[in-house]
Protein chains: 2
Amino acid sequence: MATPAKRPTIRQIAEETDLSVTAVSYALRGERMSAATIERVQAKAAELGYVADPVARALRGGRTGTVGLLVGSLADFWQQTLAHAIQRELRSHGLHTLLADADGDPDEELVLAQRLAAQRVDGLIVAPVGPAGGSWVEIAAHLPTVTVAGQLAGAEVVGEVAFDQTTGVGEVLRHLHALGHERIAVLSWAVGASPDRPSERAVREQAAILGLQCEIVPCAYSLDGSRPLALEVLSREDRPTAIFCLSDSIAYGVLHGCRELGLRVPEDISIVGFDDHPLSRLVDPPLTSVNWSVDRAARSAVGFLVDHLAGQADERRIVIAPTLAVRASSGPVT
Amino acid sequence: MATPAKRPTIRQIAEETDLSVTAVSYALRGERMSAATIERVQAKAAELGYVADPVARALRGGRTGTVGLLVGSLADFWQQTLAHAIQRELRSHGLHTLLADADGDPDEELVLAQRLAAQRVDGLIVAPVGPAGGSWVEIAAHLPTVTVAGQLAGAEVVGEVAFDQTTGVGEVLRHLHALGHERIAVLSWAVGASPDRPSERAVREQAAILGLQCEIVPCAYSLDGSRPLALEVLSREDRPTAIFCLSDSIAYGVLHGCRELGLRVPEDISIVGFDDHPLSRLVDPPLTSVNWSVDRAARSAVGFLVDHLAGQADERRIVIAPTLAVRASSGPVT
DNA sequence: GACGAAATGTGAAACGATAAACTGAACCGT
DNA sequence: ACGGTTCAGTTTATCGTTTCACATTTCGTC
């Protein structure tokens, strides 16, 4: 902690090359100055190990080379995977990541978005937890924003990676219906103010079509959040014959609960997840789940943002199609 | 993207209150000015929704309220968990997190550390991937640094959360030894320049003591990284009777490989992990692993840093003791 | 009622980089 | 030889905040 780290500054280079600060600034970027000067400056910069100060640059208002990544909850395994994939993809484009975790709280999400904007990120990639409040409209109006796996109603985004919830949910419910299930509990990740989340809406629609009796139960993300809830649902008199979890993380907690209660899966109860985390094929029993290509989502999201930053103004949108991965956790009603 | 977001500035408050910028700056922090002025200024600030610009503040040299979190590889499930825990803990202290992922590359790790320093983080929490290079000494000398689960040789840190590798590894090897295993493959997360990683050293030491034949195989972190390697090891003529993976993520890949080859675990081969990810008890078969309390590690790491920032100068250190969680993936040699 | 010390406030410089506007000089064609 | 470009720089202002040094006013005290 001794001396406060003296990184070389542009001024130092200026002094040592007998040029003005401005000249150095231009030369470093290879603009305007004569070839000889540019060479001389860059040599000196290399010699001193100069790296432009991102903070100063940000204050002045230029590009920062940093993108904000805002996820709904890092407690969710799948979102961890997504965050990693996006982060890695951003880096392959030479962009840095400022990751923020709303931890399931829509209000916190907004605060964090504003904080990221204040940090002068060049753009924002959001996997929203809640529906858009009014402030989102404003944020997205000023900061190129791409949404992944969720909408920000009303906000004008530069790209959108949507997941076809209707089809995904539909496939699950048809699968369960075909296996003879009729009473299904749906564990949805709970957040205060989101009465009309697409996935839940899809559940109601599809359930109505198939004539299924679906009860939607709000649930916390984490393992420790869903397990107690699962215990409650599973202990009921008229236990459902299947549980459909709108996130694999939730499903894991339910599996855990089943194990504690001595319930066999899928003989006593079928369990289906959503998002298909890489470990879902390894758990016991392997979890039936809806797979969306994380890599494709990450690539698209980053691609949209990068394109926009490169000046391509048109809004982009991709809808990622689901694949139902049927594994051993779902079986016929017995 | 229209107008470049006009957040209210300190100057705006100054104008509307007929005070100097300086006065407002002081008043906002409740210093110097008269009570009346302070009140007036803060009221105006609240009215305008003023929030201090972190970038400007950082440039000037003050606290930024942001901590850099540098993890060796977010591809590793356990490190995802750790990152989340630390992030959450930091937030409970009102600190923001700037997360960077070295993706297994020690050089990248250094670059990122410097980048974080340039972003003026108040401190750094590092789960290092490689051993310290010389630059780390310099970085840590200028920036309060806490290490978690790894050392930065030579660097003077303000806190250290160490994991007792020797005991952890010892317990595993004794466990396997007691089960009759003698030829053990150890899959270690590979990184270029780390010939003397503590865990590997511990393996060699303990293996010597117990008279075990341990081969250390370097391995990538991810599922996709360890699976092919596992296939190779498992297909050998003189296949080891047990595989000890120095990370649960690696173990998952190995489990996957066993399944593909039709090997039964633990009848045909025993598998042990390291770190005990929450899902390890749910995979098939449940994975024997070495548990360290993530929460305790996160709390300690953040606590050390916060204490230091609060002026407590003494260096802190905690050694987290392992607990061997014996589950079904390890069994006697048959 | 004069004197020093608080209390309260102001202006200017600084943090590091960038952009707009300006200054000479060299160079062009006519 | 003259006005107009272009080149290669320099000056100056700016981003939003903090802090140092200084200028007033107020106050208690002898």
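Order of the sequence lines fixes the chain letters, A, B, ..., with proteins taken first and strands second; residue numbering starts at 1 for each chain.
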Between C1' on C/dC15 and CZ on A/Arg7, what's the gap in Å once rounded to a whole number?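 For the pair A/Arg7 CZ and C/dC15 C1', the rounded distance is 13 Å.
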Nearest-angstrom distance from the residue atom CD of A/Glu31 to P of C/dT18: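 Nearest whole value for this atom pair: 9 Å.
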Select base, sugar-phosphate, or nothing to describe what A/Arg60 touches, counting heavy atoms under 4.0 Å on all strands.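 If one applies the 4.0 Å heavy-atom cut-off, A/Arg60 turns out to touch a base.
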Nearest nucleotide by nearest heavy atom, which residue falls closer to the 5' end of DNA chain C, A/Val51 or B/Ala23?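 With B/Ala23 and A/Val51 compared, the 5'-side residue is B/Ala23.
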Got more than 12 heavy atoms from elsewhere within 6.0 Å of CD, B/Glu39?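 Result for CD/B/Glu39: open.
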Rounded distance in Å - CZ (B/Arg120) to P (C/dC15):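 Checked: the CZ to P distance equals 11 Å.
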Between B/Arg299 and B/Glu89, does a salt bridge (Lys or Arg N to Asp or Glu O under 4.0 Å) hold up when you go through it step by step? CA-CA 6 Å; B/Arg299 251 201 315 280; B/Glu89 187 68 19; 5.1 Å; no
C/dA19, OP1 or OP2 - any side-chain N/O from A/Arg29 closer than 4.0 Å?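 Answer is yes, contact under 4.0 Å.
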Would you please say whether a donor-acceptor pair under 3.5 Å links the side chains of A/Thr66 and B/Arg115?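 The answer is yes; a qualifying pair exists.
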To the nearest Å, give me how far apart CZ (A/Arg63) and C1' (C/dA17) are.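 Going from A/Arg63 (CZ) to C/dA17 (C1'), I get 17 Å.
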Of B/Ser20 and B/Ala56, the one whose closest DNA chain C nucleotide lies more 5':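 Counting from the 5' end, the first nearest nucleotide belongs to B/Ser20.
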Outermost DNA chain D nucleotides near chain A [under 4.0 Å, heavy atoms]: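 That gives a stretch of D/dA8 to D/dG16.
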Name of the residue among A/Thr147, A/Leu69, A/Leu116 meeting side-chain contact (heavy atoms from CB on, under 4.5 Å) with A/Leu124: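 So the option named by the test is A/Leu116.
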For atom CZ of B/Arg11, is the number of surrounding heavy atoms from other residues, nucleotides or ligands below 6.0 Å larger than 12?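 No, CZ of B/Arg11 has 12 or fewer neighbouring heavy atoms, counting only those of other groups under 6.0 Å.
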Taking atom CD of A/Glu138 as the centre, report whether more than 12 heavy atoms of other residues, nucleotides or ligands fall under 6.0 Å from it.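 Result for CD/A/Glu138: open.
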Assign B/Ser34 to base, sugar-phosphate, or nothing according to its heavy-atom contacts below 4.0 angstrom with the strands shown.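 If one applies the 4.0 Å heavy-atom cut-off, B/Ser34 turns out to touch the sugar-phosphate alone, with no base involved.
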How close or far is atom P of C/dC15 from atom CD of A/Gln12, stated in whole angstroms?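 Answer to the nearest Å: 12 Å.
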Nearest to the side chain of A/Arg32, heavy atoms from C-beta on, is which of C/dC22, C/dT18, C/dG11?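 Ranking C/dC22, C/dT18, C/dG11 by closest atom to the A/Arg32 side chain puts C/dC22 first.
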Quick check for you: among C/dT18, C/dC15, C/dT10, whose closest atom lies nearest to any side-chain atom of A/Thr22?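 Selected nucleotide: C/dT18.
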CD1 of A/Ile13 versus P of C/dG16: gap in Å, rounded?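 Rounded to whole Å, this separation is 13 Å.
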What is the nucleic acid contact for B/Ala52, judged by heavy atoms within less than 4.0 Å: base, sugar-phosphate only, or nothing?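 Counting heavy atoms under 4.0 Å across all strands, the contact made by B/Ala52 is with sugar-phosphate only.
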Could you check how far CD1 of B/Ile38 sits from C1' of C/dA7, rounded to whole Å?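 Atom-to-atom, B/Ile38 to C/dA7, this comes out as 12 Å.
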Close side-chain approach of B/His84 to B/Gln80, heavy-atom, < 4.5 Å: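 In short, these two side chains do not touch, never coming nearer than 4.5 Å.
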Nearest 0.5 angstrom please: B/Thr9 OG1 to B/Asp53 CG, how far?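 With rounding to 0.5 Å, OG1 (B/Thr9) is 9.5 Å from CG (B/Asp53).
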Atom OH of B/Tyr26 to atom C1' of C/dT10: distance rounded to whole Å?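 To the nearest whole Å, that distance equals 10 Å.
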For the helix from C/dG1-D/dC30 to C/dT30-D/dA1, what angle separates the axis at the start from the axis at the finish, each from five pairs, in steps of 10°?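 So the angle between the two local helix axes works out to 40°.
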Is the shortest side-chain heavy-atom distance between A/Val146 and A/Glu160 below 4.5 Å?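 Result no, sub-4.5 Å side-chain heavy-atom pair not found.
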Touch class at under 4.0 angstrom, heavy-atom based, for B/Val21 against every strand present: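 Touches a base.
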Taking the side chain as every heavy atom from C-beta outward, state whether B/Leu112 and B/Glu108 have any atom pair closer than 4.5 Å.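 A side-chain contact exists here, since the closest heavy-atom pair is under 4.5 Å.
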Side chain of B/Leu59: nearest nucleotide among C/dT18, C/dT10, C/dC15?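 Nearest nucleotide to the side chain: C/dC15.
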